[in-house]
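Accompanying notes for the structure given below.
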There are 2 protein chains.
Amino acid sequence: MEKAQRTDIATLGEFGLIRRLTEEISLKNASSLKGVGDDAAVLDYAGKRVLVTTDLLLEGVHFDLTYVPLKHLGYKAAVVNFSDIYAMNGQPRQITVSLGISRRFSIEEMEELYAGIRLACDIYGVDLVGGDTSASLTGLTLSITCIGEGEEGKIVCRDGAKENDLICVSGDLGAAYMGLQLLEREKSVFAGEKDFTPAFEGREYILERQLKPEARKDIIVELDKRHILPTAMMDISDGLSSELLHICRQSHTGCRIYEDRIPIDYQTAAMAEEFNMSLVTAALNGGEDYELLFTVPLDRHDDVAAISGVHIIGYITAPSLGAALISRDGNEITLQAQGWNSLAEEPDPTKEEPTINP
Amino acid sequence: MEKAQRTDIATLGEFGLIRRLTEEISLKNASSLKGVGDDAAVLDYAGKRVLVTTDLLLEGVHFDLTYVPLKHLGYKAAVVNFSDIYAMNGQPRQITVSLGISRRFSIEEMEELYAGIRLACDIYGVDLVGGDTSASLTGLTLSITCIGEGEEGKIVCRDGAKENDLICVSGDLGAAYMGLQLLEREKSVFAGEKDFTPAFEGREYILERQLKPEARKDIIVELDKRHILPTAMMDISDGLSSELLHICRQSHTGCRIYEDRIPIDYQTAAMAEEFNMSLVTAALNGGEDYELLFTVPLDRHDDVAAISGVHIIGYITAPSLGAALISRDGNEITLQAQGWNSLAEEPDPTKEEPTINP
């Protein structure tokens, strides 16, 4: 028997693998408007835009039950899907929840998980309409698909940014990442001990950002109120750098952002100092912020600047200028995608990175 | 610290757990027409019916890569989702595919898996529009969500069967289950050997039914051509008994089916004899047939009987008569759900069994 070729998946990484698997896919149905490559797929049902996004969470890869309470896990798993729908300027309406459950879990624990999912659904006005539940040989598997609704002409993709557009982000960045660092440190400190009750005083904000993030529905509402339709938008799940590069690549542009404009919370900065980590790296590459990154035409400057919690951090340029950060001392630093990439040994920032509704 | 209550999930089983987790869920959005409890959820987007179903497949629980080629796995994983949409009298249009991949898989193997998914999409006219790809610590995880389209007034649920309706099934039953028995036996015979090439001559049909099932789009087309709208319908994934009990429970009816009317292929019968297994048990409880089970009003007898591949196996009764099989020798045997239930130690047929779009 001839030996089949075997190439390690690590040589491609997550984005490379997705590109390889999906590059020849063409859409056949009239109702399939947009497939792989944005926060959500866009479907057309009777003129209504239907948005679909999906997320697979595996124990030990995406979450650690040593310090993540099941209710928080459920809440976060639901919210990160809603965030993808908002990032298309849509409204999440339904989710399906599939669970793979190993024998070490009890009914009460699964009720805790569901309580978190249902709380998120209640707060964001989303219905849980289906799913699949099964045994798992190892750990917990959670797969959530979210269906949302958008209006024709108002769906915002990643490919619409234009030269001179303003680059905006909501909230602040890097906090969820620093929260994770803190949890990981406390976990190693308390390793082997039964009661995991470290002192988290004064770090509540970064912990909440990691354990119980929210989706920025409020920003979508504010933009709509002011009749601002972003030219491009996505949510920041893999880190600002990675997401900005997606927008630039898909919009065929470059960009400049300013280090001193990147919004960072006090607790994030304090934690970075304690860990002796670069604050700008945490903010650029930390990920899991679930804030909105979007671009608007320059003439909407005053309107967008008036929205509480929105920061203008830079502008879109011609593609030839590349994507760069202007540091506090005025140096230009090329942006690299060092976002979380669970399939690669080392992320390769020189590779093109198509995405499959991540 | 007070010790939390811990109840084994096995005490409830899959259906019991789903009921526990979802019983208090009420739908809030106008676009959520029908949630947990049928083959697919039913949504309303601008008057169009959007159907959503999802399936989670875990290595070692739902498939065994010792004898399941990855291309077949991909094909089957897609087709079983299409089957759920057809079972609502809808047309599958889009799928999302989420993959959790452990390090032992190569890029080429994932291409094989995708080749199967894409072949199924091509044959059934479905678009792959998104997904999520990630590392897994253990084995392969595959989560597929399918979105389909239906017409208002033509969606067929499980709860519409009426007294005296005819009970129909497409194709034949028990073959996929006997195919699985054969594969399991050959696996144990060849255990430890590197080349797994058993002689499967004369068993091609039952193996194909297990490894490469098809969804009965053709039956949906035939029913539509003849203007037959079933009163209830579902696909047979857990076994005829289990599915019939779902229809009876949700329609508040009883039923009678006849042993000698249950369609069974010659290879299925031969294999059951070789294994010394009860043929009727395989047909009633085997599962994974992905045939359609549906009910039609009595006055459509001649029309439905004229469809090639459809068998009338019994009729719907008043609920007080219960659900029973009339054996060849005229005895009445109460139907019990012994379908596959990966979460229970022993299935409990006396329990009510709500489902979550399985």
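Everything numeric here is computed off the predicted structure, so don't read it as measured data. We name chains A, B, ... by the order of the sequence lines, and we start the count at 1 in each one.
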Original post:
Nearest heavy-atom pair of A:Ala46 and B:Tyr45: which atoms, and what distance?
Top reply: CB-O, 4.1 Å
Subject >> Verdict with reasoning, B:Ile101 to A:Ile9, per side chain to side chain contact (heavy atoms under 4.5 Å, CB included) >> reply: CA-CA 9 Å; B:Ile101 311 167; A:Ile9 287 172; 3.5 Å; yes
Original post:
In terms of heavy-atom pairs under 4.5 Å, which option from B:Lys48, B:Glu108, B:Glu111 contacts chain A the most?
Top reply: B:Glu108
**OP:** Using atom types as modelled and distance alone, determine if a side-chain donor or acceptor of B:Asn29 lies under 3.5 Å from a backbone N or O of A:Gln94.
**Re:** no
Subject >> Interatomic distance, A:Thr141 atom OG1 to B:Leu57 atom CG [nearest 0.5 angstrom] >> reply: 11.5 Å
Subject >> Among A:Ser143, A:Ser98, A:Ser32, residue most engaged with chain B (heavy-atom pairs, under 4.5 Å) >> reply: A:Ser32
Original post:
How many angstroms lie between atom CG of A:Asp8 and atom CD1 of B:Ile107, to the nearest 0.5 angstrom?
Top reply: 7.5 Å
Subject >> Spatial distance of atom OG (A:Ser31) from atom CD1 (B:Ile147) [nearest 0.5 Å] >> reply: 9.5 Å
Original post:
So, does A:Lys28 use its side chain to make a donor-acceptor pair with the main chain of B:Val126 at under 3.5 Å?
Top reply: yes
**OP:** Report yes or no: does A:Arg118 contribute a side-chain atom to a donor-acceptor pair with the main-chain N or O of B:Leu21 at less than 3.5 Å?
**Re:** yes
Original post:
If you round to the nearest 0.5 Å, how far is CZ of A:Arg20 from OH of B:Tyr114?
Top reply: 13.5 Å
Subject >> Most contacts with chain B, counted as non-hydrogen pairs under 4.5 angstrom, among A:Ile25, A:Asp127, A:Thr138 >> reply: A:Asp127
Original post:
Do the non-hydrogen side-chain atoms of A:Val129 and B:Val36 ever get within less than 4.5 Å of each other?
Top reply: no
**OP:** Could you tell me which portion of B:Glu59 (side chain, backbone, both or neither) has an atom closer than 4.5 angstrom to a non-hydrogen atom of chain A?
**Re:** backbone
Subject >> Reported CD-to-CD distance for the pair B:Glu109 and A:Gln5, which is rounded to 0.5 angstrom >> reply: 11.5 Å
Original post:
Counting heavy-atom pairs under 4.5 Å to chain A, which of B:Gly139, B:Gly125, B:Gly47 comes out on top?
Top reply: B:Gly125
Original post:
Which value, rounded to the nearest 0.5 Å, describes the distance between B:Leu56 atom CG and A:Leu99 atom CG?
Top reply: 8.0 Å
Original post:
Which atoms form the tightest heavy-atom contact between A:Leu58 and B:Gly100, and what is the distance?
Top reply: CD1-CA, 3.9 Å
Original post:
Is the shortest heavy-atom distance from the side chain of A:Val61 to the side chain of B:Leu137 under 4.5 Å?
Top reply: yes
Subject >> Portion of B:Val42 that has a non-hydrogen atom of chain A nearer than 4.5 angstrom >> reply: neither
Subject >> Close contacts, residues 150-157 of chain A versus chain B, judged by heavy atoms under 4.5 Å >> reply: none
